[in-house]
Amino acid sequence: MSFRYPTIAPSQITPRDVFLDRRRFVQSAAGLGAAAAMGLPAPAFAAAPALDKLDAPRNAKFSVNAEPTTKKIVTGYNNYYEFGTGKYDPAASADQMKTRPWTIEIGGEVEKPMTIGIEDILKMSLQERVYRFRCVEAWSMVVPWVGLEFNELAKRVGPTSKAKYVKFTTVMQPETMPGLRIPVLDWPYVEGLRIDEAMHPLTLLTVGAYGETLTNQNGAPVRIVTPWKYGYKSVKSIVKIEFVEQQPGTAWNKAAANEYGFYSNVNPDVDHPRWSQKRERLLPALFASRQTELFNGYADQVASLYAGMDLKIDH
Ligand code: MTE
């Protein structure tokens, strides 16, 4: 039962996306105005949970020198299949998701397994990093994420020498996640990284964006961001982290192994079987006019992780 990303290259459907986005914006603005004029309460979609401000200085060393994509796009155009397969589904329906209380269970091949609450993660020293973010569907964004290096959390549990991979699991909330009823993926959403990728300073345990806690649609309260890989590696709303010996099965690889590999490093020279990865549409651009960069522009920092590996083969 493998759902596939659209058969039309995403860059080709841009005008419709943009049209829909504008239409929705106009409709919601008009709806709000009308409701207010009639003394009615604002419609449900206006009641997104309030976000908390996060005090996080920008880390210039790990930030790109590019204008961030608008918050409206980053929080309104998402992939979060637990809330539906449409790009606007998460923003429309993720507000019911429960993000408190929230704990992450960390175990497997570690010295000190532990369960950590989100409050304790938020107390760790947070920083802002402006990263490029590239979806496998050939659109990209620039996002000022807030978080900490995943390796800082990993050090607290002490991975043993048997820990060769890290497996991340997303929460399952059938009562708030309508997408779980549809078997497009083998739920829960699971992603994985090789241990050296997970411990790399670029791998960000992310709790916020734009100086605030994450919106539910962006993966509240805590997600991973690996900017040199296609976006589907950046697993959202994590409740379990396991250090394991064997390469874990991952959501998209299980759904369509010939289309989505384990490593999933951004590579302009390896086309997706159904579309080119040479160029990308930097939102809100209408066309895929930006050249895709090897490792999404992070080659200086990560290429050595793959020395000796054939980058054309995704294992
Ligand atoms: N994590 C979960 N649990 N479920 C998902 O459907 N989608 C992935 C990734 N993480 C996904 C997920 C994909 S395909 C992308 S491109 C990014 O989240 C999108 O992140 P964003 O919505 O914050 O831009």
Side-chain angles (χ1 to χ4, degrees), residues 2-6 10 17 51 68-94 97 99 102 104 129 131-147 167-174 176-180 182-193 203-210 212-241 250-256 259-261 264 266 272 277 280-284 296:
S2 67
F3 176 81
R4 310 217 157 174
Y5 275 112
D17 282 349
L51 304 174
T69 307
T70 64
K71 189 170 155 184
K72 179 170 178 281
I73 291 173
V74 173
T75 61
Y77 188 88
N78 303 94
N79 276 330
Y80 199 161
Y81 276 34
E82 287 85 337
F83 294 102
T85 56
K87 295 281 176 285
Y88 303 101
D89 293 342
S93 62
M97 185 185 166
T99 58
W102 194 278
I104 306 184
R129 292 185 175 190
Y131 277 169
R132 288 199 178 278
F133 190 80
R134 171 65 155 77
C135 182
V136 73
E137 297 169 293
W139 48 264
S140 67
M141 313 184 294
V142 176
V143 188
W145 301 112
V146 174
K167 175 180 170 190
F168 301 92
T169 306
T170 293
V171 74
M172 293 260 269
Q173 278 182 17
T176 70
M177 295 175 148
L180 292 179
I182 311 154
V184 285
L185 293 171
D186 182 10
W187 309 114
Y189 196 102
V190 166
E191 257 308 334
L193 296 169
T203 299
L204 199 69
L205 188 72
T206 304
V207 293
Y210 299 93
E212 297 177 325
T213 48
L214 286 173
T215 62
N216 291 350
Q217 58 268 32
N218 284 117
V222 54
R223 69 179 294 178
I224 281 293
V225 175
T226 44
W228 72 99
K229 294 177 176 285
Y230 291 119
Y232 60 89
K233 298 298 286 185
S234 293
V235 50
K236 295 178 169 179
S237 310
I238 298 166
V239 287
K240 199 173 194 186
I241 300 175
T250 56
W252 279 103
N253 184 250
K254 280 196 263 177
E259 304 194 9
Y260 311 104
S264 317
V266 175
H272 183 276
Q277 295 290 22
E280 65 195 35
R281 180 163 69 93
L282 176 59
L283 297 177
N296 204 25

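In this chain, residues are counted from 1 in sequence order. Here the structure is a predicted model, which is why all the values come from computation and not from measurement. All ligand and atom numbering here is 1-based and tracks the order in the structure.
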Let's go through W252 and Y230 carefully: what are the C-alpha distance in whole Å and the side-chain angles of both, what is the deciding distance for ring pair (Phe, Tyr, Trp, His ring centres under 6.0 Å) to 0.1 Å, and is it a yes or a no? CA-CA 11 Å; W252 279 103; Y230 291 119; over 10 Å; no
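- The T170 neighbourhood of ligand 1 comprises atoms 3 (N), with distances under 4.0 Å to a heavy atom of that residue.
- Ligand 1 does not have E191 within reach: every non-hydrogen atom of the residue lies 4.0 Å or more from it.
- Between K87 and E137, at least one side-chain nitrogen of the basic residue sits less than 4.0 Å from a carboxylate oxygen of the acidic one, meeting the salt-bridge criterion.
- Taking distance alone, with nitrogen or oxygen atoms compared against 3.5 Å, Y232 stays at or beyond that limit from ligand 1.
- Within the 4.0 Å heavy-atom criterion, neither part of E137 lies near ligand 1.
- Note on ring orientation: taking the six-membered ring where Trp is involved, the planes of Y80 and F83 are perpendicular (angle over 60°, cut-offs 30° and 60°).
- Residue-to-ligand polar distances keep Y77 apart from ligand 1: every N/O pair is separated by 3.5 Å or more.
- No hydrogens or angles considered: nothing links the side chains of T75 and Y210 as a donor-acceptor pair under 3.5 Å.
- If you number the atoms of ligand 1 from 1 as listed, the ones under 4.0 Å from a heavy atom of E82 come out as 2 (C), 3 (N), 4 (N), 5 (C), 6 (O).
- When heavy-atom distances to ligand 1 are checked against a 4.0 Å cut-off, Y189 comes that close only through its side chain, counted from C-beta outward.
- Here E82 does not pair with K236 in a salt bridge; the nearest charged N to carboxylate O distance is not below 4.0 Å.
- The aromatic rings of H272 and Y260 sit tilted, their planes meeting at an angle between 30° and 60°.
- Taking all heavy atoms of Y230, W145, F133, Y81 into account, the minimum distance to atom 6 (O) of ligand 1 is reached by Y81.
- For the salt bridge (charged side-chain N to carboxylate O under 4.0 Å, His left out) with E191, the lone residue among K254, K233, K167 that qualifies is K233.
- Each of the atoms 9 (C), 10 (N), 18 (O) of ligand 1 lies under 4.0 Å from some heavy atom of S234.
- Here the closest heavy-atom approach between residue L205 and residue I224 is recorded as CD1-CD1, 4.0 Å.
- Taking a cut-off of under 4.0 Å to the non-hydrogen atoms of C135, the atoms of ligand 1 that pass are 16 (S).
- A heavy-atom separation below 4.0 Å is found between M141 and ligand 1.
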